[in-house]
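Accompanying notes for the structure given below.
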Amino acid sequence: MLSKDEILRLNLFSAEIRKATIHALSTAGSGHIGGAMSMVETLAVLYGKVMNVDPQNPHRKDRDRFVLSKGHSGPSLYAALALRGFFPLKELETLNQGDTILPSHADRNKTPGVDFSTGSLGQGISMAAGSALGARYMGNSYYTYCILGDGECDEGQVWEAALFCAQHKLDHLIAFVDYNQQQLDGSVEEVCHLGDLRLKFEQFGWYAQEVDGHEVSQIYEGIRKAQGQTGRPSMIILRTQKGWGCEYALAQPICHHLPISKEIEQQEIERLDREIEEMKRGMA
Amino acid sequence: MSYKGTREAFSVALTELATIDERIVFVSSDSLKAMRAVAFAEKFPEKYIECGISEQGSVDVAAGLAACGQIPFVGTYAGFLTMRACEQMRTFVAYPNLNVKFVGINAGLVGGEREGVTHQFYEDLGILSSIPNVTIFTPADAQQTYEAVKASIEINGPVYIRAGSGREEDIYPAGTPFAEEGFRVLRDYGKDLLICASGFILNRVIASAELLQKEGIHATLADVNILQNRSPEKLIELLKKFDRVLTVEDHNVNGGLGSYICTLACEHHPMYVERMGLKDTFGESGGAEELADAYGFSPENIGKQVHKLMERGR
């Protein structure tokens, strides 16, 4: 279980990730803010507590791997990586510009700390499966974590991978679905209802849990339980809200991709700074 | 070491490679038997990764394995790889330049004999020719397929090896290496024209060159075994010795050998070109020899095209 201080620390990390993400997106002028925001707490738990990674040696062989299957949410991953020291924070201001190391979608060719290029939806989970299988050849020395979007679960390949991971008993694979209920054309329910995702993965042979995706303690507990599994892969359904932690995004009917002005950035950062101050007072 | 046909040749080479390189794994899309790789799986059960009938997932699983240091060979029907999993090959293997090897069987009209259009693939080379980082090997028989598989791991990046039905006629003697320069001259009868062939109709092209020789047309015949070669200088040198070239391939005339040679000729040494292959048509089910004849690959018909080519510009 996380201590109260650790929870505070990870909430602070989440707020810092949000600030850095909004700053990057406003520099670019627009971006996929909704999905970038909804997975922030999971990134904070992974990069702030769980994952064995070394910013000074991003290619270390025994590092844990991360696959951002919903590759369009790259900006908050970049913020987490920059805050962990994989590259200077200043790089975030080059998001999606010419010659950047931070393209809109995650790219292993360009970004230190990014293990897999993603962006075309429905495919990351198969690569994560390959990565988890690869761990076996190295004595199961690492875990592979993968975040999928809910909308991309429309893709048939996700379910090819769901079968494969169970068949191969990939217990060093821990996947998440960021179930924020929105995709480009509308709500997930309206576009292509996913039904009971937890039950679906269970029936595919996974150990499946459902947690509040904005509660770091629940995410952490979910990961700990998943790490305790043997002989089956784990799925953690993150109940989230698209745009969470950015009032501007939350106020839009659909916040998948939005313009972000400097004024909006200022308002959001001021609000996040106030939250950070409150949290710090709580720590003291 | 013994094998018959391109599929068995693949399997034997794979097994030999896995014996000396622990990074080699085989990714199957319910294609272990089709790839004649059962003996490999028996010898290396932990290196045999079965994905079931899911080519898209298979290619991305291979990408994941390669990103973690393994050298996966993905083997299944050529079109199920290059068409169904085309985006996976392009974006998740070729773009990050991952070390994945692909072996596509049933390639060509003859390669997919008796299976018909759904299992006969004459577009694979055209598709892959437009994707950067992919090296394309087109071995002409079993012996060259064996060598191509061995040669593929010398390249740190994606390689596609075109294989057939397993009933290809043997052309090359044992021990012939896979030509690094991307072609090998098999007949040098003279300078009347150059004939470039690729793939499993090579026996028919050789027969045609021999017939033409008797008729007084002195051709040089090259087997082109690497398409879109990044270092085509030697092939360009060869082209420069001629003013006519015929290309013969068991593939659509667009995108494969014909297109490759046309591009080199246009850019370096303009000359008269005839392309033989599938022209604006699909194939059909039938016996290999019967099909090859019906679609224009008889030695006599190849000779006819040469005569036509010899008339051009005169």
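Chain naming here is simple, since letters A, B, ... match the order of the sequence lines and numbering starts at 1 in each.
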- Flag the pair A/Phe164 / B/Ile49 as yes when at least one side-chain heavy-atom distance between them is below 4.5 Å, and no otherwise. yes
- Considering non-hydrogen atoms only, spot the tightest contact between B/Val61 and A/Ala129 and give its length. CG2-CB, 4.2 Å
- Item | Nearest heavy-atom neighbours spanning A/Phe116 and B/Ala67 | CE2-CB, 3.4 Å
Using only the distance criterion (under 3.5 Å, no hydrogens considered), which donor-acceptor pairs connect chain A with chain B?
residue, atom, partner, partner atom, Å
A/Asp107, OD1, B/Tyr95, OH, 3.4
A/Asp107, OD2, B/Tyr95, OH, 2.3
A/Asn109, ND2, B/Tyr95, O, 3.1
A/Ser120, OG, B/Glu87, OE1, 3.3
A/Ser120, OG, B/Glu87, OE2, 2.3
A/Gln123, NE2, B/Glu87, OE1, 3.1
A/Tyr137, OH, B/Glu46, O, 2.7
A/Gln157, OE1, B/Gln88, NE2, 2.7
A/Gln157, NE2, B/Gln56, O, 3.4
A/Gln157, NE2, B/Asp60, OD2, 2.8
A/Glu160, OE1, B/Gly57, N, 2.8
A/His168, NE2, B/Glu50, O, 2.6

- Message: Less than 4.5 Å to any heavy atom of chain A: does that hold for the side chain of B/Val27, its backbone, both, or neither?
- Response: neither
- Crowded around B/Ile53 CD1? As in, over 12 foreign heavy atoms under 6.0 Å? no
